[in-house]
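To start, the structure under review is shown below, and the notes come after it.
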Number of protein chains: 2
Amino acid sequence: MKSDPTSKPEPKSDLSAQIAKAIRDAIIEGRMIVDERLPSEAELAEQFNVSRPTVREALKRLAAQSLIRTQRGAFGGAFVNRLSYSEAYGQQITTATLLLSMNDVSFDVACEARYALERACAPLSAQRCTPDLLASMRAEIHRQGQPGLSDEGFCASDVAFHRALVDGAGNPVLSYQLAGAIEAMQPLMNMITFTARSRGAIIALHTRIADALEAHDATAADIALQELEQYTLRLGQDVMAARNKA
Amino acid sequence: MKSDPTSKPEPKSDLSAQIAKAIRDAIIEGRMIVDERLPSEAELAEQFNVSRPTVREALKRLAAQSLIRTQRGAFGGAFVNRLSYSEAYGQQITTATLLLSMNDVSFDVACEARYALERACAPLSAQRCTPDLLASMRAEIHRQGQPGLSDEGFCASDVAFHRALVDGAGNPVLSYQLAGAIEAMQPLMNMITFTARSRGAIIALHTRIADALEAHDATAADIALQELEQYTLRLGQDVMAARNKA
DNA sequence: TGCCCGGAAAATGTCAGACCTTTAAACGTC
DNA sequence: GACGTTTAAAGGTCTGACATTTTCCGGGCA
């Protein structure tokens, strides 16, 4: 008996959740290190005094958070997973997207958050932006000017442009944090119909931003970003106004 | 047979993962709305042609991401969950903490990301900060000055101070994004031994920040934050240097 | 001696069926 | 009409079994 009943502050049932929590805590507190193998399902079942399906449910919970990975076969089992940036990006984006879509977050609030965060990276990007990231940004700008590009395509390219901007800061932690903020805006942006005129205005601002970064001019980049925020905000408000009328 | 084998781009087995993905996509794409009830486990098992334990594993995966909630009893079942801010905070913090601890992110990089993001909120906080949030900040500053406070306690209070700062921006999306950045730094900060002298310096800077916000002076707040960043960075580098020597 | 192949073993993946517990709606009684 | 009781639906858990995958070890053959 590993888990004495006296130390359970969570009397509510659901054994698999309790077991998942116990293992998760062990990982977070560093009692289990990366790539360490967990006991087999049968052993865990014995340790926690539950059946194997219950243990499996707990392990699936952890797998869903990318905390462990499992491997079949003779020397397989569950291993503590090194959380990669790409996995973290994915979770971040999923969570942020759902948070926005399920809590009727207003366009204004989401927009404000996104641009506040992006403006935080701009000075670093202006300082460190690499040629290939600048090239990516120019490529996206070019794509945005293609005639016949759908609104969804324009939005996707916009997202790619802004992700290149934050990646330019050369700080992977920052990139990870911003991935959610930027990607989660896409569904909201997709509601906007981009006219040729508004596309032109956005492309012009994107160009100004890229130029400023290339010139290592943080102030100019910040001003252009502020203008882009104002412009985006206005586009969004127009859509909202049109919607409320209908 | 609902899932024809031809349309599976993921030939690798693991039925519960496939089923979880199918349901998750349905939720993300809006085919299932908040509070909608999923079919019962038995019905899902029949639909997907799998056994009930397999369905349950899939549901646990979704529950781990707070995408669904389950309820026992007669009209119970699994329901699409409205992802609350507090749930999102929790996931964000867990993921960010693990990301930092498992990828030997340097103190410098984490610190830079954190302060870049915080500085993004400062102008908004200076504009909107409410009296009760200011009071929270003052209370934390006071606690930080208590003699006999442990290093862990000092760090915890530091985190609380900074969270109040970002909450002051009055933008829940921003607060959510920053929760991870701030909380994930705590383990790194806990490695630092805070002398009476360094505590005094930090408290002085915290006071300057609070004063600036109260005076709605965004520039002064930004400058104080920059100084705090520099100071924190130096403390961290000293610790790293001492460690490498040992 | 050295290489290849096949079986054993260990672990996860899946299934089937049963029982318990919880919960709320439906029913009947006063 | 209000209140307690029954009952059925659904999730939570257990037992046991079989399938599948992968590694390792040992034996046969050149």
Side-chain angles (χ1 to χ4, degrees), chain A residues 1-5 8 10-24 27 32 35-81, chain B residues 1-5 8 10-24 27 32 35-81:
Chain A
M1 174 116 32
K2 184 180 230 175
S3 52
D4 59 322
K8 290 286 164 188
E10 196 183 348
K12 289 293 178 209
S13 38
D14 215 339
L15 290 176
S16 72
Q18 291 173 228
I19 294 168
K21 180 172 183 348
I23 300 174
R24 180 165 33 236
I27 295 174
M32 305 203 68
D35 290 337
E36 184 174 342
R37 184 178 172 280
L38 277 74
S40 74
E41 296 177 352
E43 288 170 320
L44 287 171
E46 202 181 351
Q47 280 182 26
F48 287 101
N49 267 315
V50 296
S51 67
R52 196 158 77 97
T54 303
V55 167
R56 282 181 60 78
E57 288 179 8
L59 294 179
K60 295 309 177 194
R61 294 177 116 106
L62 300 176
Q65 297 180 303
S66 304
L67 280 165
I68 62 171
R69 92 192 93 89
T70 59
Q71 200 177 311
R72 294 177 71 168
F75 251 62
F79 298 82
V80 178
N81 190 38
Chain B
M1 174 109 44
K2 184 180 229 177
S3 52
D4 60 322
K8 290 285 164 191
E10 197 181 348
K12 289 295 175 208
S13 37
D14 216 337
L15 290 175
S16 73
Q18 291 173 227
I19 294 168
K21 181 172 183 347
I23 300 174
R24 179 165 36 234
I27 295 174
M32 305 203 67
D35 290 335
E36 183 174 341
R37 182 178 173 281
L38 277 74
S40 73
E41 295 178 351
E43 288 170 320
L44 286 171
E46 202 181 350
Q47 280 182 28
F48 288 101
N49 266 313
V50 296
S51 68
R52 208 181 133 216
T54 303
V55 166
R56 282 181 60 78
E57 288 179 8
L59 295 179
K60 296 309 177 193
R61 294 178 115 108
L62 300 175
Q65 297 181 305
S66 304
L67 279 166
I68 62 170
R69 93 193 91 90
T70 59
Q71 201 177 314
R72 293 176 72 168
F75 250 62
F79 298 82
V80 177
N81 190 38

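These values consider heavy atoms only, across backbone and side chains, with no hydrogens, waters or symmetry-generated copies. Every chain is numbered from 1, with letters handed out A, B, ... down the list of sequences.
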Within this structure, what is the CD-to-P distance between A:E46 and C:dA11, rounded to whole angstrom? 13 Å
With nearest nucleotides of DNA chain D determined for B:R37 and A:S51 from heavy-atom distances, which residue corresponds to the more 5′ nucleotide? B:R37
Heavy-atom side-chain contact between B:V55 and B:P53 under 4.5 Å: no
When you compare the side chain of B:I23 with that of B:L38, does any pair of heavy atoms fall below 4.5 Å? yes
Earlier contact from the 5' end, DNA chain D, for A:R52 and B:L38: B:L38
A:R56 CZ to C:dT12 P: how many Å, rounded? 8 Å
B:Q18 CD - C:dT14 C1' separation (whole Å): 13 Å
Verdict with reasoning, B:K60 to B:R56, per side chain to side chain contact (heavy atoms under 4.5 Å, CB included): CA-CA 6 Å; B:K60 296 309 177 193; B:R56 282 181 60 78; 3.7 Å; yes
Could you check whether any side-chain N or O of B:R69 sits under 3.5 Å from a backbone N or O of B:A78, counting only pairs where one atom can act as donor and the other as acceptor? no
Determine, stepwise, if the pair B:T70 / B:L59 fulfils side chain to side chain contact (heavy atoms under 4.5 Å, CB included). CA-CA 9 Å; B:T70 59; B:L59 295 179; 5.6 Å; no
Between B:I19 and B:L44, is the side chain to side chain contact (heavy atoms under 4.5 Å, CB included) condition met? List the steps. CA-CA 9 Å; B:I19 294 168; B:L44 286 171; over 6 Å; no
Footprint ends on DNA chain D, 5' to 3', for atoms under 4.0 angstrom from a heavy atom of chain B, come out as D:dA9 to D:dT13
Within this structure, what is the CD-CZ distance for the pair A:Q18 and A:F48, rounded to the nearest 0.5 Å? 10.0 Å
For a side chain to side chain contact (heavy atoms under 4.5 Å, CB included) check, start with the C-alpha distance between A:I68 and A:I27, then their side-chain angles and the critical distance, and finish with the verdict. CA-CA 9 Å; A:I68 62 171; A:I27 295 174; 4.1 Å; yes
Where each residue is assigned the nucleotide of DNA chain C containing its nearest heavy atom, which of A:P53 and A:G76 is assigned the position nearer the 5′ end? A:G76
With a 4.0 Å heavy-atom cut-off, tell me which residues in residues 58-75 of chain A come close to DNA chain C, sorted by residue number. A:K60, A:T70, A:Q71, A:R72, A:G73, A:A74
When the distance from CD of B:E41 to P of C:dT22 is rounded to whole Å, what number comes out? 17 Å
